[in-house]
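Written out below as structure tokens is the structure these notes cover.
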Amino acid sequence: MLRRLRFAALAAAAACPLGLLNEEVCSGHGHCAEGVAPGVDETCACDGGYGGADCSLRICPAGVAWSDYATANNTAHAAHFECSNMGSCDRESGLCECRAGFAGEACQRMRCPHGARLAGGAPLECFGVGTCLSMAEAAAQVDYVSLEHDAAYDGWDASMIYGCACDAGFAGYDCSERECPRGDDPLTAGVDEVQLLTCDCGEPGGCGNGTIALAFRGQRTAPIPADATAELLEFHLERLSTLGDVDVAYYGGGLDGSLCSDAGTTAAITFLTTRGDLPALNATWAIEGTTYGPGRRADVRLAVDGACSTVHAAVCSVAGTRERAECSNRGVCDRSVGVCDCYTGFGSSDGRGGAGLVADCGYLSPNASVAYEYPRDYARWADAAGGAEGPCPRATPLWNTNLPPTVCSGVGVCDADKFCNCTAGYEGSACEYKTCPTGRAWWGEAVGDDPGDAHRPGATCSNKGLCDRSSGNCDCDDDFGVVGGDACGDMACEVNSTRECGAFGHCATMAELAQNALLFGDHGEVRRVNYSEPWDADLVTGCKCHASTSDYPTHDFGADPVNQLQYRGPFAYTYTGWTGYQCSHAFCPTGDNPYTWGVNEVQALNCSLATDGAFNVTFRGAPEPVRVPWWASAAELEARLEALPTIRDVAVSLRNVSYNASVCGPGQRVYVEFLSEHGDLPLLVVSEADDLRHDVVVNVTEVTKGTKEDVECSANGICNREIGICACLDGFASGADDGEPLGAYGQRGDCGFRHTGTKNEKWENSEMQYLRTNQIFNATLIGAARARRRPPPGPAAAARGAGGAAPPARRQLQLERERLATEFEGSLGRAARAEAKMEHVSRLTSAFSSLVSEQAETVANLYDLVEETAASVDKSGDQPRASGAPASSFSASSIASSSAPPPGSSCLTRFP
């Protein structure tokens with residue numbers, strides 16, 4: 001009783017919707033809109049973070065969409081998409097439930113690979129020996145280990161795709177591999193890098209007490225005096241761990257040698273052990289604690305890549321060409337431990353080609369019977385050997401460790417320069433490895449503004465897997481099941497039930513999704529777009545969910561046959577499509593908001609043809625047009641338009657009815673009003689039929705722009721995404737569009753009909769009444785596992801979460817519901833059978849209303865008992881006993897508050 005009084009007081013206090021879950025105005029998370037427009041004042045303006053017609057739904061964070069349909073050529077990835085289309089929104093908490101492998105408040109991050117370096121250890125990102133960075137972070141940072149370039153990256157995935165920048169000594173997309181020593185190939189010609197540093201004081205004593213600090217790959221020397229000798233400069237440089245051994249020679253600088261001099265000194269710095277593409281040194285001049293750049297007091301200049309000194313023109317810099325190759329290209333690297341197994345005839349070097357302790361296979365062992373001076377000079381080595389066969393690469397291949405060391409591993413040909421030309425599928429200086437597939441990199445360091453620079457093609461295993469060089473197969477990152485394929489370049493869609501995208505969708509690349517985007521041009525024609533140029537066109541995938549051509553499809557359309565859509569039951573007589581990142585959620589029927597004013601779309605068709613021919617008409621990309629003969633009447637054109645799967649109901653009228661009442665003729669104008677399709681619609685598209693005369697002019701124009709909304713549940717209901725049925729707010733039911741008056745009750749299933757009192761009014765015949773009520777009860781009572789709202793938290797919910805059974809009182813309530821359902825079915829069945837006897841309709845309706853009231857009172861009494869028991873529990877502190885189950889979302893008072901609602905609308909609201 002108290003429950004019913006409270007409900008009535010709230011309803012009287014405000015005209016805004018009461019929450020379906022708590023019966024508070026706008027669910028307590030919003031307020032009535034004021035001063036907007038007549039009727040709109042009765043709608044909810046929700047607080048931030050809440051949505052839905054009654055503000056009962058939480059809004060989840062949004063981010064850039066991982067996948068979606070292109071909106072223009074090579075344009076996709078909407079900026080604001082709930083849960084970034086890579087997770088589902090929990091409407092109760094407002095939190096995204098992300099797909100495995102993705103994280104962030106909006107599921108906007110692709111997680112870095114993770115694992116444990118030690119058995120039994122905790123898995124860590126990048127195995128604990130790397131840094132997880134976004135694409136933008138990797139572009140902006142330089143560590144001279146994994147990241148060499150300072151660039152900017154602002155692609156759509158700049159803050160979404162993350163990868164590992166490994167620490168020194170580690171490698172692989174996940175930093176799980178060890179790096180082998182690197183060195184210069186002793187059989188290739190190469191020169192050392194030479195950089196020039198020129199310091200000109202300008203005048204005697206001009207340098208004073210100045211100093212120079214040199215930086216290389218992120219490290220800086222201590223201040224070096226302006227009068228430092230070559231040995232002192234060399235000492236300071238070699239203290240940098242990023243530089244290694246150098247040799248310094250001065251040109252100029254006086255007898256004692258000075259880094260800076262009045263006439264200018266050029267220091268030639270030769271890099272002896274640092275290989276590869278080297279960056280330039282950076283110099284900073286300082287005096288008396290103040291930092292100066294070039295041209296202030298001392299003039300300090302650097303020359304690289306072949307540039308010559310401005311003071312000593314004969315002294316030029318040299319761009320180094322020595323390799324920094326794994327095992328110096330003369331050994332097999334075991335990446336599990338980071339150790340080189342050198343080819344026959346090669347061993348550890350001193351980093352300069354001589355024998356040493358660096359296990360980089362960079363030393364060519366001398367022939368025991370031949371003495372020679374230059375082990376790096378293979379031709380001289382061969383001549384000294386008296387023309388004997390030189391050291392063609394010999395190795396035991398990784399793909400067959402049972403083979404003895406063999407020239408080119410037996411799968412290549414050693415050429416005159418003693419290099420192996422490997423058979424396809426093999427690689428390495430001795431063909432000792434099998435080649436793994438390559439693809440466009442998922443993650444990498446950007447070197448320019450083009451996103452393709454970061455997602456470079458030709459990356460082994462697409463930089464999302466490890467190459468097993470013994471088999472030539474990629475071991476893809478399968479922690480989360482996101483990528484796969486031969487080259488780890490195939491992004492898998494989320495598995496729903498037993499397959500990708502479940503039974504109501506299929507996995508498609510961004511390029512394939514773009515081909516299915518349905519856009520319209522200025523004249524109603526279907527406008528196709530492509531998505532072929534961006535790096536992710538064939539990599540990133542998403543679910544293409546099965547979609548309906550309209551609320552009332554009449555036959556199959558495209559790749560989504562009707563039988564793969566979800567029929568929403570006899571209440572709505574509609575099919576709707578599927579949605580969600582894994583196609584597990586259903587759309588609900590759409591309609592016009594009865595609170596707002598709007599008009600139907602009206603288009604005009606002009607046909608000048610008088611007595612011959614025909615033309616074709618289509619709408620919204622229907623697969624086949626309809627053929628309209630010139631003599632067609634308004635009724636004939638209306639029937640043919642409604643035969644299109646994209647049109648449910650139109651009204652056709654003629655301006656000139658005197659010309660044989662046909663759609664074509666001099667000055668004829670045909671008006672087409674769209675009754676079931678709402679909003680600003682694309683134009684009808686007219687094309688030539690096979691027998692159309694070439695002097696005929698047929699065109700279509702918009703007369704009245706449609707302003708009715710086309711929104712789910714007409715903005716006055718809550719869509720149950722699991723079954724695709726609207727739970728209408730109190731006072732709303734399904735609207736109609738079959739030529740019925742605006743806001744009439746019908747079978748659209750959209751909550752577009754607004755009613756106030758229905759006690760003495762009959763909205764449909766008893767047969768339809770029975771069908772609708774039977775369907776609703778089946779969906780909400782008998783098969784209530786998915787359709788019923790979740791009960792509020794409480795002891796019963798906790799017991800179920802722990803695997804316990806529902807309390808006896810809960811079971812009693814369930815039995816009472818089932819008894820009510822049975823009695824309703826019986827009474828409505830009798831009402832249906834009485835359809836043939838119209839004189840008994842009034843009596844049966846009265847009996848039905850009485851039955852509703854009686855059963856509602858029974859359930860209301862049960863709730864009164866529940867509340868009394870709950871009150872006693874609050875006082876005693878005990879748990880509810882069998883006679884007092886916690887209240888559920890089933891509302892007895894709501895049944896009693898409406899003695900004879902439009903059949904089905906009340907049920908749909910009360911039993912969601």
Side-chain angles (χ1 to χ4, degrees), residues 520-526 549-555 592 597-708 710 735-744 746 748:
F520 301 100
D522 296 336
H523 302 288
E525 74 281 4
V526 174
T549 59
S550 69
D551 281 341
Y552 307 88
T554 56
H555 59 275
D592 179 46
W597 181 86
V599 296
N600 291 327
E601 173 95 3
V602 179
Q603 297 180 13
L605 185 149
N606 296 83
C607 175
S608 63
L609 181 61
T611 60
D612 192 15
F615 56 90
N616 292 332
V617 181
T618 188
F619 180 69
R620 276 184 169 170
E624 296 292 338
V626 292
R627 186 176 184 276
V628 181
W630 73 271
W631 46 260
S633 64
E636 177 70 20
L637 175 59
E638 182 174 316
R640 292 178 183 248
L641 289 177
E642 291 173 355
L644 291 169
T646 51
I647 295 178
R648 163 63 174 171
D649 191 22
V650 293
V652 177
S653 60
L654 305 179
R655 181 177 66 178
N656 183 1
V657 298
S658 61
Y659 190 78
N660 297 326
S662 62
V663 296
C664 291
Q668 185 60 283
R669 189 174 175 88
V670 181
Y671 297 98
V672 179
E673 180 181 5
F674 292 83
L675 303 179
S676 56
E677 283 65 48
H678 295 161
D680 185 13
L681 303 177
L683 294 177
L684 292 163
V685 177
V686 176
S687 60
E688 293 185 355
D690 294 338
D691 53 355
L692 184 63
R693 294 186 344 194
H694 295 292
D695 58 345
V696 173
V697 176
V698 182
N699 59 71
V700 179
T701 57
E702 184 181 71
V703 177
T704 303
K705 178 182 295 186
T707 58
K708 287 185 178 180
D710 188 37
D737 55 20
D738 295 330
E740 297 294 333
L742 180 65
R748 191 178 179 106

Open item on the list: The criterion is side chain to side chain contact (heavy atoms under 4.5 Å, CB included); which residues satisfy it with Arg655, sequence neighbours excluded?
Closed with: Gln668, Arg669, Tyr671
- [ ] Locate the shortest heavy-atom distance separating Cys664 from Phe615; write the atom from each residue and the value.
- [x] SG-CE2, 3.6 Å
- [ ] Answer whether the closest heavy-atom distance between the side chains of Val663 and Leu605 falls below 4.5 Å.
- [x] no
Open item on the list: Can you give me the closest heavy-atom contact between His678 and Arg620, atom names plus distance?
Closed with: O-NH2, 4.4 Å
Task: Partner set under side chain to side chain contact (heavy atoms under 4.5 Å, CB included) for Val599, not counting sequence neighbours - done: Trp597, Thr704, Thr707
Open item on the list: Please report the interatomic distance OG(Ser662) to CG(Leu637), rounded to the nearest 0.5 Å.
Closed with: 11.0 Å
Open item on the list: Taking side-chain hydrogen bond (donor to acceptor under 3.5 Å, both in side chains) as the definition, give me every residue that meets it alongside Glu636, ordered by chain and number, with sequence neighbours left out.
Closed with: Arg640
Open item on the list: Show the nearest heavy-atom pair for residues Arg648 and Ser676, with the distance to one decimal.
Closed with: CB-OG, 2.9 Å
- [ ] With sequence neighbours excluded, tell me which residues meet side chain to side chain contact (heavy atoms under 4.5 Å, CB included) with Leu683.
- [x] Gln603, Val700, Glu702
TODO: Please round to the nearest 0.5 Å and tell me the distance separating atom CG of Asn699 and atom CG of Leu684.
DONE: 12.0 Å
- [ ] Over all heavy atoms of both residues, which pair between Ala614 and Pro629 is shortest? Give the atoms and the distance, please.
- [x] CB-CA, 3.7 Å
Open item on the list: Keeping Glu642 on the side-chain end and Ile647 on the backbone end, is there a donor-acceptor pair under 3.5 Å?
Closed with: no
TODO: Please identify each residue that fulfils side-chain hydrogen bond (donor to acceptor under 3.5 Å, both in side chains) with Glu638, with sequence neighbours left out.
DONE: none
Task: Exam field: side chain Thr646 to backbone Ala622, donor-acceptor pair closer than 3.5 Å - done: no
